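Written below as structure tokens is the structure these notes are about.
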Amino acid sequence: MTIRTHILGFPRIGAARELKLALERHWRGEVSEAALEATGQQLRARHWALQRDAGLDYVTVGDFALYDQVASHIQLLGCEPARFNFTPEQSPLARYFTMARGEATQAQHADCGHAHAAGTAALEMSKWFDTNYHYLVPELSPQTQFSLAGERLLAEVAEAQALGHQVKAALIGPLTFLWLGKEKTPGFERLALLEQLLPVYGALLDRLKQQGVTWVQLDEPILGLDLPNAWRSAVESTYWQLNQVGVNILLATYFSPLEENLSLTCRLPVAGLHVDGIRAPHELISVTDWLPEHKVLSIGIVDGRNIWRTDLDAALAVLQPLAARRNGQLWLAPSCSLLHVPFSLEAETELDGEIKSWLAFATEKLSEIAVLKGALEGQSDAATLAALASSRLAIAGRRASPRVQRASVTQRLQALTPTVDRRDSSFPLRQAVQRARFQLPDFPTTTIGSFPQTAAIRAARASRQRGELASVEYEQQMRAEIAHAVARQEALGLDVLVHGEAERNDMVEYFGEQLDGFAFTRLGWVQSYGSRCVKPPVLYGDVQRPAAMTVAWTVHAQSLTHKPMKGMLTGPVTLLQWSFVRDDQPRASTALQLALAIRDEVQDLETAGIGIIQIDEPAIREGLPLRRGQWDAYLDWATRAFRIAASVVSDATQIHTHMCYAEFNNILPQIAAMDADVITLETSRSDMELLTDLGQFRYQNEIGPGVYDIHSPRVPSTLDMVRLLQKASAVIPPANLWVNPDCGLKTRGWAETEAALKNMVAAAQQMRAAA
Ligand code: GLN
Ligand code: ZN
């Protein structure tokens with residue numbers, strides 16, 4: 001047996017988010033370039049040491065980036081967009097951060113990072129496949145030129161070698177790099193740049209080889225996508241050309257099955273192939289058989305996308321026959337880069353011990369790989385046996401735990417009737433009942449839910465968390481904030497009010513903390529982009545709502561006004577999408593449980609007299625599978641989960657939903673299938689293109705296209721908004737139109753918020769007058 005172990009990549013941000021802190025201090029001018037680079041170097045050294053100490057055969061170099069791995073490749077390949085007009089005086093690092101963040105004059109939105117303003121805009125951001133990581137999008141045009149700027153990467157390789165490590169370099173493959181880019185010239189096809197790009201990759205591989213690197217991992221996750229034919233045909237010639245250099249290429253695929261690309265991928269002239277055994281376990285046997293024997297097969301056997309401890313016995317049962325088929329030659333790795341999981345469980349001192357025993361973060365996953373190697377090689381030393389035994393115990397404990405499987409939840413699921421996701425009446429009938437009840441003017445005005453999370457609000461929450469502020473006082477303060485938000489909305493003349501979400505830290509965490517089945521980590525940070533990290537909750541068990549979560553706040557808010565007060569909830573799909581979820585049941589089942597918990601809350605709000613309830617689903621689009629063939633199945637259960645949450649109410653209760661951050665054009669039928677009475681959407685950035693599509697599609701229900709971009713600090717004029725509403729009226733029946741901003745206002749200040757909403761209300765009044 002010759003088993004080798006490695007990883008595809010490691011989280012860069014640091015155990016205590018050292019990189020985040022250093023970056024932010026550098027941007028504030030408090031830390032020099034040299035000091036920031038030194039932090040990077042320390043982190044790399046630490047992370048390589050972890051890999052070596054865990055017993056891995058290679059350390060991975062090239063996965064580190066100060067901001068983003070794709071942005072690093074833009075520099076590595078010498079294709080910084082000309083529009084930045086960089087001058088020779090600007091250091092590579094200064095240029096790097098300008099591409100990432102735009103020019104200093106512009107503001108960046110805290111939530112989504114979209115940059116706005118007059119200066120030079122940053123590179124656009126986009127989601128890295130189906131993860132919550134955002135990469136910087138390469139801008140490609142017929143003028144794009146490539147030239148090798150390998151100094152940084154080669155220096156990192158030298159760093160690792162000086163520390164005595166066996167190095168495997170990791171790079172984004174040329175096809176995936178081009179795929180991730182965006183054409184900046186209409187009609188231009190970015191694949192045309194491949195011919196120019198390959199010599200630069202060739203030169204880079206050659207330099208790595210000269211520096212003594214024997215293995216280079218080239219990531220081509222696009223082999224798991226539905227590739228256009230031109231791209232498929234380019235794969236073979238690309239790797240034929242790169243293989244000429246004579247360095248061992250390990251082609252890495254992940255996130256998705258290879259399907260029709262499987263035989264093509266196995267035939268490629270490369271020294272090795274890595275496949276994702278977690279997302280595509282059913283392909284392992286065919287890959288093992290198709291891949292010629294002299295090539296290395298690397299199996300991604302530990303989940304790089306989730307935080308569960310690996311069932312080592314089950315993994316060995318998968319690996320043993322594969323190893324036998326490969327004459328005992330196998331490489332083992334996590335399924336994909338560990339970028340998508342938190343650093344280490346060591347910091348989780350407050351996490352419930354039982355739940356903690358079920359988890360493995362990046363550092364723990366390194367050990368799992370090493371133990372699997374030992375076990376596969378037949379080692380029976382005490383450490384290997386102990387590791388296997390402890391895994392066995394934890395897996396059995398998790399399977400049997402009453403905190404995971406709750407009989408009450410199972411029973412409820414079994415008792416669901418086929419009509420649980422149906423409202424009593426069709427939309428036109430409901431609309432008539434609701435119109436009679438609420439008597440709203442034409443072009444009714446509302447907002448999306450949150451109002452500014454001021455410094456005072458954040459300070460109150462922090463001091464309550466530190467135990468300095470008693471719950472009663474905290475509650476009083478939040479009630480006062482709500483009263484304040486209600487008074488301001490009344491003064492502005494809005495028609496449907498919100499309580500403002502002052503009491504909520506985060507739209508997922510707030511609900512997760514009150515539901516059974518969720519756990520929270522202390523330092524379970526995962527990089528979202530640049531210095532930004534998120535801390536997803538851990539959804540470990542059957543979900544159940546022990547008590548009402550929002551009713552008291554909403555009822556308090558309603559008591560302060562005669563206008564309708566909208567109850568505000570996060571939808572089941574978004575709760576699922578922004579958490580680490582169970583791997584012991586399908587996502588659809590977890591979504592269904594979440595739907596029932598939200599349904600209970602909807603019911604309680606209605607009973608408490610709340611007539612309008614909004615269920616936010618901003619993340620529904622990002623749950624779409626990478627392969628089109630799986631879209632329908634996903635959209636079926638996702639929209640059903642939403643309807644189950646919403647359908648408990650009577651016809652007279654108005655259900656709203658809100659979506660943002662995505663292009664919805666290709667899922668309009670499914671949005672319609674959610675059957676919300678009103679949907680508020682982000683459209684202002686696409687200048688309402690989406691509306692044209694909605695008009696053509698003949699969307700029936702009421703709709704509030706965002707009339708201004710809340711991500712911009714600019715106060716929109718009444719005229720701007722009237723124009724947008726006129727455009728909207730041309731494609732959507734005016735009687736169905738609502739007037740609202742395009743997202744929540746929590747990241748804005750009160751002054752700009754009031755100024756913008758004042759103009760917005762005026763815009764609605766002008767529309768009414770003109771009707
Ligand atoms: N109701 C939420 C808010 O206003 C919606 C947030 C979102 O769309 N991401 O903040
Ligand atoms: Zn939004």
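All ligand and atom numbering here is 1-based and tracks the order in the structure. As the structure is a computational prediction, the values presented were derived from the model and not from experiment.
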- request: Using distance alone, decide if ligand 1 has a nitrogen or oxygen within less than 3.5 Å of any nitrogen or oxygen in Ser450.
  value: yes
message: Counting only heavy atoms not in Lys758 (residues, nucleotides, ligands), do more than 12 fall under 6.0 Å from its NZ?
response: no
- line: Quick note on ligand 1: atoms under 4.0 Å from a heavy atom of Met507 include exactly 6 (C), 7 (C), 9 (N)
- prompt: Does some side-chain heavy atom of Phe511 sit less than 4.5 Å from a side-chain heavy atom of Leu575?
  reply: yes
- prompt: With atoms numbered from 1 as shown, which atoms in ligand 1 lie under 4.0 angstrom from a non-hydrogen atom of Cys743?
  reply: 7 (C), 8 (O)
task: Report, in ascending order of atom number, the atoms of ligand 1 lying under 4.0 Å from any heavy atom of Gly449.
output: 4 (O)
Distance-only check: which donor-acceptor pairs under 3.5 Å involve side-chain atoms of residues 483-495, not counting sequence neighbours?
unit_1, atom_1, unit_2, atom_2, d
His484, NE2, Arg488, NE, 2.9
His484, NE2, Arg488, NH2, 2.7
Arg488, NH1, Glu754, OE1, 2.9
Gln489, OE1, Val498, N, 2.9
Gln489, NE2, Ala485, O, 3.1
Gln489, NE2, Val498, O, 2.6
Glu490, OE2, Thr561, OG1, 2.6
Asp495, OD2, Thr445, N, 2.8
Asp495, OD2, Thr445, OG1, 2.9
Asp495, OD2, Arg768, NH2, 3.0

message: Distance under 4.0 Å to a non-hydrogen atom of His658: what atoms of ligand 1 satisfy this?
response: 8 (O)
field: Sphere of radius 2.8 Å around the Zn ion (ligand 2) - protein N, O or S atoms inside
entry: His658 NE2, Cys660 SG, Cys743 SG
field: Pair Thr653-Glu606, side-chain donor/acceptor within less than 3.5 Å
entry: yes
- request: If the plane angle is over 60° it's perpendicular, under 30° parallel, otherwise tilted; pick one for Trp738 and His656.
  value: perpendicular
query: Is there a donor in the side chain of Thr446 and an acceptor in the side chain of Lys566, or the other way round, less than 3.5 Å apart?
result: yes
task: Pull out every atom of ligand 1 sitting under 4.0 Å from any heavy atom of Gly744, numbered as shown with elements.
output: 3 (C), 4 (O), 10 (O)
message: So for ligand 1, is Glu501 a polar contact partner (N or O within less than 3.5 Å, distance only)?
response: yes
- prompt: Can His340 and Phe255 be said to form a ring-ring contact (aromatic ring centres under 6.0 Å, His included), step by step?
  reply: CA-CA 12 Å; His340 313 289; Phe255 294 155; 5.8 Å; yes
message: Closer than 4.0 angstrom, basic N to acidic O: yes or no for Lys746 and Glu501?
response: no
- prompt: Any side-chain donor-acceptor pair under 3.5 Å between Trp553 and Gln558?
  reply: no
